[in-house]
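Comments concern the structure below.
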Amino acid sequence: MTDHNTQETRNRAVLVGLNADSLPREDNASETTLEELAALVETAGGESVGIILQNRDTPEARTFIGEGKVAEVTDLVHAQEADLVVFDNELSPSQQRVLTEEIGVQVIDRAGLILDIFAQRARTKEGRLQVELAQYKYLLPRLTGMWGHLVRQTASGGKSPIGTRGPGETQLETDRRHIRRKIAKLTEDLEEVRRVRAVQRDRREKNEVPVVAIVGYTNAGKSTLLNALTDAGIPARNRLFDTLDTTTRTLEISDTCTVLISDTVGFIRKLPHHLVEAFKATLEELAYADLILHVIDASNPEWREQADVVESLIRQLGAEQTPRIEVFNKSDVYVGDIRPHGEDIVSISAKTGEGLDQLLAMIGKRLDTGFHRVTLSLPYDKGGVLDMLYRDAKVEKVEYGETIEVEAVCSEKTAGQVREFITGGWQPPKEFWED
């Protein structure tokens, strides 16, 4: 019975893309971007039942693809009994309205589809706030007449058709002032999230815990990598945008180097501007990270284009100066002859574990801050030294016997200050005048 219902609510979508000489390359549609769009429709819970790729010199102002092509799309929609048309290019609000009226089924663009997926996937309060803010910004210019065709449902309504999961109101308000008030309130709430994150970041900096951020194109294997390194237990499924909410785990690189490692939302071509803006609260962690792991799907023939998309978003987020390691994942199914290699490049398979030791060694080389584990023997009249160690080092063990025996992890500078009491673990290098 359940399967039958699921079939009934599964949208049948016709995909449309325009490749125009006058559009920038990244805004054009191609067979590759339409394949990706089909995967996005699948992720949203629909199926693609037809594809039309239109070539023309320049977009048509009223319908984007021209009247003749609109008639062709309408015929395909009827022939395939489709109930949704998804454009790979960005449509203006008026084009979306005209196309919906002329074709007779709901028309959305890639940005609207991605927002819909995000609405389904967001789990944490912060994730939901971000999606809601992005949705309202997307809806604001599209209010007039757009929602006449839609079933008005809430964000939690899992059975609602793709593109109709509104930002959590039973009936979308057409009052622009109301939506502007919502946007202002959500922006305020996200500022609060940023403030809390800043406090947490200050605390981490005081503890001198380095932060590693995992970034990459959607479905490159970021969650699988985090699981492989930390046993984080994040569901890692082969679908786009599976991770929206940041997961942070502790990773021990060596007995003196522990880092915090965070997974982030996957990037994708033509990621809606509102989403990049909204997710800055999560993604600004990148700008504060000590190291970025850029995970690249080595098995994908388009990996260079995907890596460029990620690089461009890293620049948008102001994190281009952060040191990074390029991690070529899925190398067990790599299709080329020579694997990518270089100083800050590593080939791994998060699935089989191949190359993870080398990756850990590279992270350690970048982030091991020269701390040392030492044992000290302090006379009882030197209690002040113990106070100093509690303040400036990580004291792990204290035993009181004939002397105070201390085990601590400390920086070279602190070790130098207490060198006369160090009995093991590490000795500061002698100065040239010492024997």
Side-chain angles (χ1 to χ4, degrees), residues 23-30 32-33 35-37 39-40 88-90 110-111 114 118 130 134 210-226 240-244 246 261-331 334-336 338-348 350 355 359 362-363 365-367:
L23 286 175
R25 183 170 164 266
E26 63 273 14
D27 292 345
N28 268 319
S30 65
T32 305
T33 64
E35 271 173 37
E36 196 171 78
L37 190 66
L40 285 168
D88 192 39
N89 318 73
E90 190 176 340
R110 187 185 179 103
I114 290 173
F118 274 50
Q130 293 179 127
V211 175
V212 178
I214 303 177
V215 303
Y217 206 76
T218 184
N219 212 24
K222 298 180 300 301
S223 296
T224 311
L225 175 60
L226 187 62
L240 305 179
F241 294 126
D242 212 51
T243 305
L244 281 195
T246 307
I261 186 160
S262 292
D263 192 6
T264 60
V265 60
F267 296 156
I268 197 166
R269 287 180 188 89
K270 310 177 190 175
L271 191 61
H273 174 69
H274 298 319
L275 269 180
V276 178
E277 279 301 305
F279 273 80
K280 272 189 175 168
T282 306
L283 295 172
E284 71 177 1
E285 287 289 288
L286 295 188
Y288 294 97
D290 299 279
L291 179 66
I292 289 174
L293 302 184
H294 176 181
V295 180
I296 298 164
D297 178 356
S299 70
N300 191 315
E302 296 266 316
W303 68 261
R304 284 182 182 80
E305 288 81 357
Q306 294 184 348
D308 287 346
V309 170
V310 175
E311 287 294 332
S312 138
L313 282 161
I314 286 173
R315 279 196 299 278
Q316 268 186 56
L317 293 159
E320 67 273 21
Q321 300 303 320
T322 308
R324 81 190 63 152
I325 295 172
E326 289 188 349
V327 182
F328 283 84
N329 189 26
K330 307 187 189 179
S331 60
Y334 179 58
V335 286
I338 302 169
R339 287 186 180 184
H341 55 282
E343 190 187 345
D344 290 319
I345 295 172
V346 61
S347 280
I348 67 152
L359 173 59
M362 287 172 87
I363 297 172
K365 189 176 162 194
R366 283 303 195 109
L367 297 180

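- For Glu26, there are no salt bridge (Lys or Arg N to Asp or Glu O under 4.0 Å) partners two or more places apart in sequence or in a different chain.
- Counted within 6.0 Å of CD on Glu302, heavy atoms from surrounding residues, nucleotides or ligands total more than 12; the atom is thus considered enclosed.
- Here the closest non-hydrogen pair linking Arg324 and Asp344 is O-CB, 3.7 Å.
- Side-chain contact between Tyr217 and Ile268 is present, with at least one heavy-atom pair separated by less than 4.5 Å.
- Within the model, atoms CG of Asp290 and OG1 of Thr322 stand 8.5 Å from one another, a figure rounded to the nearest 0.5 Å.
- Annotation: side chain of Val212 is in contact with side chain of Leu293 (closest heavy-atom distance under 4.5 Å).
- Of the inter-residue distances, the one linking Asn329 atom CG with Leu225 atom CG reads 6.5 Å to the nearest 0.5 angstrom.
- Looking at heavy atoms from C-beta onward, Leu40 lies in side-chain contact with Leu37 at the 4.5 angstrom threshold.
- Of all the heavy atoms in Glu36 and Arg269, the pair that sits closest is OE2-NH1, 2.9 Å.
- From Gln306, atom CD reaches atom CD of Glu311 across 13.0 Å, with rounding to the nearest 0.5 Å.
- Formation of a donor-acceptor pair under 3.5 Å by the Ser262 side chain with backbone atoms of Ala213 is not found in this model.
- To the nearest 0.5 Å, the span separating CE on Met362 from CD1 on Ile325 amounts to 4.5 Å.
- A distance of 10.5 Å separates CD in Gln321 from CD1 in Ile292, rounded to the nearest 0.5 Å.
- To the nearest 0.5 angstrom, Asp27 atom CG is 10.0 Å from Asp88 atom CG.
- By the 4.5 Å heavy-atom criterion applied to side chains, Trp303 and Asp297 are not counted as neighbours.
- Scanning both residues, Asn28 and Thr33, for their nearest heavy atoms gives O-OG1, 4.2 Å.
- The two residues Ser299 and Lys330 make their nearest non-hydrogen contact at OG-CD, 3.8 Å.
- When all heavy atoms of Ser331 and Ile348 are compared, the pair lying nearest together is OG-O, 2.7 Å.
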